[in-house]
Structure formats: C-alpha cells, structure tokens
Amino acid sequence: MIRIAWLVAKKDLRIEARSRVLLWQVVPFGAMALLLTGLALGPAHAGNSSAGPGLFYLVMLFVALLMINRSQVLESTPGTRASIATLGLDPAGVFLGKTLALCVELWVTGLVLLAGTVLVLHTALHGAFLALPSVLVTLGALAAAGTLYGAMTAGGEGAATLLPVLCLPAFAPLLIAGERAFSAALTHGGLWEWWVIVVVALVAYVGVGILLYGVLEES
Amino acid sequence: MPSTETSELSPVAPPKSPSRSRWRSVGVLVVLGAAIIVLLSQGILHSLNYFETVDQALAQRSSLGTKVIRLEGVVKPGSISRTSNGASFVITGSKDRQVFVDAHGSPPQLFQADIPVVVVGHFTSSTSLDFEGTQILVKHTATYIAAHPKRVKAPNGTTR
Amino acid sequence: MMKELSQRLLGPVTFALLALTIWLGLWVTPPDKVQGNLVRLLYVHPAVAWVALYVSFGTATIASCLYLWKRTRSWDMDRIAHCAMEVSVVFIILTLITGSIWGRPTWGVWWAWDARLTSTAILGVLALGYLALRRANDDPTLRAKRSAVFAIVSAINVPIIHFSVQWWKTLHQGATVFTSNRQLLVHGSMAWTLLISFVGFTLLFFWLLRARYRLEVERDAAYRAAFDEAVSLRQREGVL
C-alpha cells in the first residue's frame, strides 16, 4: 500500500512539476483572492489582523477546491481508471498517494498565502510562525477530505460544480478548528483543543479514505 | 526515465479477501466514529459555546476587559427599569454573583423577571461590573407548564 | 392480511393523528406560563426535527449501510436511501423554518450562530449535496455506491446535532423529551399532544416515503420501457 502510495504521489507531483498549473494558475488565484478580501474589508479594517486567520482559511478552501478538481482530472483521462483496475493497484494506496501529493501542493500554496496574510492583512509574523504547525496539519486533513470527496464527484456530470457543494459543508469544521488554532496562536492562548480536533479530523478522513476509496471507484 | 517507471509498475499481489477487509473496515469506521463522539463529549471546545455565564465572566473578569461577549444570567426580579433608549436590569449567576446591565433597543416580547437572558455587549471598563448591552436574547428553558395549572391534569391523573 | 390492512390504514391514520394534533394543539391545550400561545409550536417543531434528523436521515443512513454491505445489497436499499433523503431535505428545511418562526418572538432573533442551529443547517446542505451527487452520476452502480458512502460519512453530524445542546452552551433550549435524567419537562395535556404529534409526523414520514418509493419504481419501469422501445425501433430500422 505504501509503495503504491509513493508511486502515485510521485506521479502526481511530477505532472505538477511539468505542467506548472499550481504555480501559474492556482497560486496567483489565491494571491488575488487574498487581495480581494483586503478590499472587501475596506481600508479601515484591512490592516486589522483579527479577521486574518479566518480569511486565510477561507481563501485556502477555495484554492483547495481548484486543486482537488485538478487532482481528479489527472485520473480521468481515458483509460486511467481502467488501467488502475486491471493492474490491481490497491485503492487505499492510490488514495494515500493522491492525498500526499495534494497535501504537498496545499502546503506550498498555504505557505505563500500565509506570507501574503502577514503582508496584506498585517497578521503578526510571530503568530503566523507559531500557527504554522496547525496550518500544516489542517491542510493535511483538507487534502485527505478533498481526495475522498473529489473521488465521489470524479467523472460525473458537472464534477467541478458539484465538488464545492459536497466539500464545503464537510470542510466547515476544519475551517473553524484551523481558524481558532491560528487565532489562539496570535493571542498566545491555549491551542491544544483545536489541535485535537484537527488531528482527529486528519486521522478520520485518512481512515475513511483508506477503507472506502475503493468503493467509490468500482462500478 | 521511462525504464524505472515501467519496472515499478510490475504486477502486484491482489488485494486481500474482500470479506475480511470489509469486516475490518466496518470495525475501523465504528471505532473512528465513536472516538470523535467521545472526544466531543468530553466538554472540550469551549469556544463553541454561544455565551459565557455570569459566573464564568466574573471568574475571568480581568482577561475579558471590554471585549464584546454574550453574557448569560437570570433577570433578577424587581430590578428591571425602562430607560430612555432601552432597559436596565440585573442578571444573576449562582450564589449572589450579579452584573448590572444597561441595554439599548427594545427587549424581546418574552423579556421579564426570572427568565434566563443572553445579552450581547461588553463591560463598560476593564474593572467595572456594569455591562453595556446592544441586544437582549431570551433563552427559554425546556420546561412547559400551563398558564392556569389548576385546569390541567398530568398524564398520571394528578392535578398540577 | 395484516400487512395489507396496515398498508391501507397508513394514510387515514396519519391524517387522523395530524388532525388530532392540530385540534389539540390549537384549541384544547392551555397556553404556557411563560410563552403563552407561542407554546403551540411545540406540537410542530420538535416532531418535525425528530423526523428530519433521526427517522428520515437515519433511514437513509441505514439503507445506505445495507446497500454497501454485500449480503444485503439490493436496488431497493438504494431506492429507499434516495427517497428517505429526499423526505429528509423537506423536513430539515421545515425544521429550520419552524424553528426560525419560533425563535423570533421567544429569543428575539430569527437566527443565532449557536452549535445546534449551525450544525442543523450544515446537515441540510449535506442532504442537498447527496441529492446533487445522485443527479451527477449516470452509472446506477457507481451512483448507488458513491451516494451511500456520502450518506454514511455525513451521518456523523446527526449525533453532533443531538448532543450539541449538552456539550456546548447554546441559545437553543436543551432536550425537551429525551432529557438526561429521563424526566419529561412538559406537563399535562401538552405532553399528550406532543406525543401524538411525534407519532403523527413519524407516520407522515412513512406515508411520504412509500409514495415517493412507488413513484421511483414507476419511473424506473417507464425508463426501461422507453429504452426497450427505442432499441426495438432501431432494430426495425435495421440500425442494430
């Protein structure tokens, strides 16, 4: 399972490294969305960092939607699913691999946007640094959930529009937990309870994905 | 390097017998679900609480400052008085902890003495026990008793 | 014999119980000590929420589990899950609407960001997502499996909604019927009316589910007939 996961993750990341969709399309979109949140807050509040963590995660969710969709589009080229089935690749491994690749991509984008939050929304650099571990774990949970829901919509009619409808309600707890952990880091408050939620969400989504990813793919 | 890629895609062992893995998956799912429920039931995640009670607010009075919070307490009978822009009253917690509230705007229909309310607002200064409210919400309890109790019989036949 | 009788009686009994609830709720039961006539929503809102969260979402979840489990897999289970979820959407929306109507005069607001209200709204979006997911897939097996997984994963929200009023401090009142110390907090004829409303709305769910299920069977049959006809038409034209 681990070997297949590694293989799939390498394949996805290699495609990304060659196509540069993340670099030239998704990251600029995220940066623009972050700027727009500043404009939406207005000049009086844009530099006020109390909304920073929430807006960072909101932008991150929209960016993640694009990347989840992209991750599934890679699988939906004609023959890919059939060849995975005929090769007898363990679906749990495929799920883990895709999650891992998506996670790495989300981390890269997340770091850029975190820096953007510090620059544009004036979130304290020290607090953002403290929040970094929780951001990475939250994005990991987001990647696992996204791969699961992405597989549910893959290949269907209007997959790109269906994905947000399925994902966003499930992402809501991650958004809350991530935002609270980030805010707590900014105010040096207690973090651990949000850590627990994010880690549990990560374990739960990875567990459900390993168990049920195969069911979503077979017809 | 296409040669290494093809060598990595050599045939792999077929997945384990479906019936065993299915049972295992059901088991793991149940354990995961139970773990989430147990964790949530341990009373963590206090910041999902909709309000602070009077007791909680007074216990952490110094850290609250003049931050906007939702404060819950029971309206003390005889303390309600109408003001020019709303109403002022005292809400109590357990023992005789109490907070004086000066709220703007018209209170909801059910607002009255001895009812639990949630007041949105902030303490007037970082040390005072006066609370300035911008909105009053009535928190109704789950108890329902007839307005004219003598006329109603309980399911077991007794009159309440 | 019994089965046929209960089939026939389901509609009339449901109608009679709901009529009884309306009569008792509006004319017989007394106004509440605190809430006055607002208490009459007690005979609608909790029962509707009960059907939305537990009866219909529960039915959909159990049917989804039974579909995924190979030994009990059948198209009936898939159909039941689909129909129950559709009824669930209607009842979740009704729960939010009746709750909002009740909240405005009692709390003073239509909506509050407390744990119970927010999690219920999220469940509503999840149920809508389930229906959207079903429409998006043409392959019936794939559709059944994917939607079953989605329903089961979404069902984790139901216990969270149920216990939200115990785990967190909410503006929404605590449990009325299923209280932790098993003490009914509703008195007198109000309690009886509440009980009747629960039975009435639960039967209404089964009545709606049955009607929706029959419609789905008819629709499948019509689809198959149209498909067969199109094939035979092609064959006569000599295309196939």
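Scope of the values below: all heavy atoms of this structure, side chains included, with no hydrogens, waters or symmetry mates.
C:L128 places none of its side-chain heavy atoms less than 4.5 Å from the side chain of A:V165. At least one side-chain heavy atom of C:V149 sits less than 4.5 Å from a side-chain heavy atom of A:M152. With a 4.5 Å cut-off on side-chain heavy atoms, C:V153 and A:Y149 count as touching.
With values rounded to the nearest 0.5 angstrom, A:L163 atom CG is found 11.0 Å from C:L133 atom CG. With values rounded to the nearest 0.5 angstrom, C:I152 atom CD1 is found 7.0 Å from A:L212 atom CG. Note that OG1 of A:T153 and CZ of C:F150 are 10.5 Å apart. Values are rounded to the nearest 0.5 Å.
With a threshold of 4.5 angstrom between heavy atoms, A:A154 approaches chain C through its backbone and through its side chain. Neither the backbone nor the side chain of C:N157 comes within contact range of chain A; no heavy atom of the residue lies under 4.5 Å from a heavy atom of that chain.
Closest of all the heavy-atom pairs between C:Y130 and A:L166 is N-CD2, 4.5 Å.
Each of C:A136, C:G129, C:A132 has some count of heavy-atom pairs under 4.5 Å with chain A, and the biggest count is that of C:A136. Interface summary for chain C: among A:A151, A:C167, A:A159, the most heavy-atom pairs under 4.5 angstrom belong to A:A151.
The environment of CH2 in C:W113 is sparse: at most 12 heavy-atom neighbours from other residues, nucleotides or ligands sit within 6.0 Å. Counting heavy atoms of neighbouring residues, nucleotides and ligands inside a 6.0 Å radius, atom CZ of C:R135 does not exceed 12 of them.
In this structure, the side chain of C:R146 does not engage the main chain of A:V215 through any donor-acceptor pair within 3.5 Å.
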